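Here's the structure, in structure tokens; my notes come after.
Note that the coordinates shown come from a computational prediction; the quantities given were computed from them, not determined experimentally. We count ligands from 1, going down the list as the structure has it; atoms in each ligand are counted the same way.
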Amino acid sequence: MRANIVKLVYLVTACMVAGVLYLMSFGAAHSTTPPLKSAKVNLSDKASLQRGAAAFRDYCFNCHGLSAVRYNQLTKIGLSEDNIKQYMLTTTTKPGDMMTVGMNAADAKKWFGVAPPDLSLMASAKGTDYIFSYLNDFYRDETRPTGWNNRYWPNAAMPHVLWEEQGTMVPIMEDKPDPADHTKMVPTIVGFNKATAGKRDEAGYEQLTNDITNFLFWASEPDRQSRHFLGYIVLAFLLLLAFLASKLSKNYWKDIH
Ligand code: HEC
């Protein structure tokens, strides 16, 4: 009996050690992902949000929806109702509809193997720096079915939809110590060369991807700004109430002393 318990304790301990080692190796294997680039999000920059919305419509909306946004909420980033009708709505969508994707999810799955995720959820799930870094990291990889790869989402099923804007990036490889086993050297991407030019230079492409990121940040919670505004009003009201209460209390005790 006692021997069995000892065996059980050994077994459980061994499993825990194996689990920790597994998790550690997991972390190490992922450390080839470069650090995230920082996106400059600014919800007061309406021009950036509008450029982001237009780019989203042109480059992302075929595949990705925004389940947190209704078309008519786009007035909050400064689009007029006419703008929305003219540029955002299709013949089958109405201003009160959610901006869900037009493409049939089953078709998407058939074409890409994975359904393109809803992008309203992306800024909250993975963060704006992630989106910005991801959009700035597509490179040529002939071994992939799409012809593209990405270090932040290795073997992504998404093609580089912005390649005409950015141009074609090809990786510069160098032998570096394998993060999982420092005694081995593995070919590692250390940077990119631009093989063919795009419509935009480097700064222009960064602005485009930053605008899209900013728009997706807004789209993750279209009411964030009005909620913050309401918060300030409530705080101001509480301060006023505290001030009045203290005056009242002074007045009240004045006669009693
Ligand atoms: C042709 C269809 C298509 C278009 C257009 C497209 N995507 Fe994607 N996207 C996909 C697919 C498919 C995936 C799923 C990739 C995977 O999981 O391997 C994806 C995944 C993503 C992800 C998530 C990656 C992750 O970490 O899970 C982000 C972010 C994203 N897309 C952003 C965009 C943005 C921004 C645009 C517009 C500039 C865009 N996509 C245009 C098909 C598309």
Side-chain angles (χ1 to χ4, degrees), residues 26-27 29-43 45 48-69 74 77 87-88 90 99-169 189 198-200 202 204-222:
F26 199 65
H30 277 68
S31 66
T32 44
T33 315
L36 291 178
K37 298 186 165 83
S38 24
K40 295 185 222 55
V41 289
N42 175 4
L43 294 179
D45 189 347
S48 158
L49 291 172
Q50 290 174 18
R51 287 193 303 263
F56 178 82
R57 172 206 60 203
D58 291 343
Y59 290 113
C60 321
F61 203 18
N62 284 339
C63 296
H64 294 283
L66 295 176
S67 64
V69 187
L74 292 167
I77 61 167
Y87 301 119
M88 304 302 290
T90 62
M99 291 182 67
T100 44
V101 66
M103 190 166 80
N104 184 312
D107 278 348
K109 207 157 174 209
K110 202 163 63 207
W111 294 332
F112 302 108
V114 207
D118 185 271
L119 288 188
S120 272
L121 310 175
M122 203 49 68
S124 347
K126 292 202 165 176
T128 47
D129 286 353
Y130 174 78
I131 297 175
F132 180 67
S133 305
Y134 174 72
L135 294 177
N136 276 280
D137 208 71
F138 280 94
Y139 63 89
R140 288 305 286 170
D141 181 350
E142 303 299 344
T143 66
R144 299 296 309 153
T146 59
W148 300 97
N149 210 335
N150 195 299
R151 286 177 298 171
Y152 293 97
W153 192 239
N155 301 337
M158 176 175 140
H160 185 16
V161 294
L162 296 169
W163 75 274
E164 284 181 322
E165 301 287 346
Q166 185 184 25
T168 319
M169 308 307 269
I189 299 175
K199 289 185 210 156
R200 293 169 187 251
E202 203 172 316
Y205 185 71
E206 269 189 17
Q207 189 194 48
L208 171 71
T209 46
N210 202 76
D211 290 341
I212 296 174
T213 306
N214 202 17
F215 174 68
L216 290 177
F217 179 56
W218 173 80
S220 66
E221 200 190 332

(Q) Does ligand 1 come near enough to Lys126 that some N or O of the ligand is less than 3.5 Å from an N or O of the residue? (A) yes
Q. Given Tyr134, Tyr59, Tyr152, which one has a non-hydrogen atom that is nearest to atom 5 (C) of ligand 1?
A. Tyr59
Q: Sort and list the pairs that fulfil side chain to side chain donor-acceptor pair (under 3.5 Å) and have at least one residue in residues 120-135, not counting sequence neighbours.
A: none
Q. Is a side-chain N or O of Glu165 found less than 3.5 angstrom from the main chain of Tyr205, in a donor-acceptor match?
A. no
Q. Does Arg140 reach the main-chain N or O of Gly147 with its side chain, forming a donor-acceptor pair under 3.5 Å?
A. yes
**Q.** Where ligand 1 meets Leu135 - atom numbers and elements under 4.0 angstrom, heavy-atom basis
**A.** 35 (C)
**Q.** Contact atoms of ligand 1, heavy-atom distance to Ala156 under 4.0 Å
**A.** 18 (O)
Q: Report yes if some N/O of Trp153 lies less than 3.5 Å from some N/O of ligand 1; otherwise report no.
A: yes
Q. Are any N, O or S atoms from His64 nearer to atom 8 (Fe) of ligand 1 than 2.8 Å?
A. yes
Q: Would you check, one step at a time, whether the test side chain to side chain contact (heavy atoms under 4.5 Å, CB included) holds for Leu43 with Asn214?
A: CA-CA 7 Å; Leu43 294 179; Asn214 202 17; 4.3 Å; yes
Q. Taking the side chain from His160 and the backbone from Tyr139, do they hold a donor-acceptor pair closer than 3.5 Å?
A. no
Q | Enclosure of Lys199 NZ (heavy-atom neighbours >12, cutoff 6.0 Å) | A | yes
Q: Consider every N or O of Ile131 and every N or O of ligand 1, then say whether any pair is closer than 3.5 Å.
A: no
Q: First locate atom CG of Leu119, then atom SG of Cys60, and finally report the distance between them rounded to the nearest 0.5 Å.
A: 6.5 Å
(Q) At under 4.0 Å between heavy atoms, is it the side chain or the backbone of Ala55 that contacts ligand 1, or both, or neither? (A) neither
Q. Does Phe56 reach ligand 1, in the sense of a heavy atom lying below 4.0 Å from it?
A. no
Q) With atoms numbered from 1 as shown, which atoms in ligand 1 lie under 4.0 angstrom from a non-hydrogen atom of Tyr130? A) 24 (C), 25 (C), 26 (O)
Q: Work out whether the distance between some heavy atom of Val161 and some atom of ligand 1 is less than 4.0 Å.
A: yes
Q: Please report the shortest heavy-atom distance between Lys37 and Asn136, naming the atom on each side.
A: NZ-O, 4.1 Å
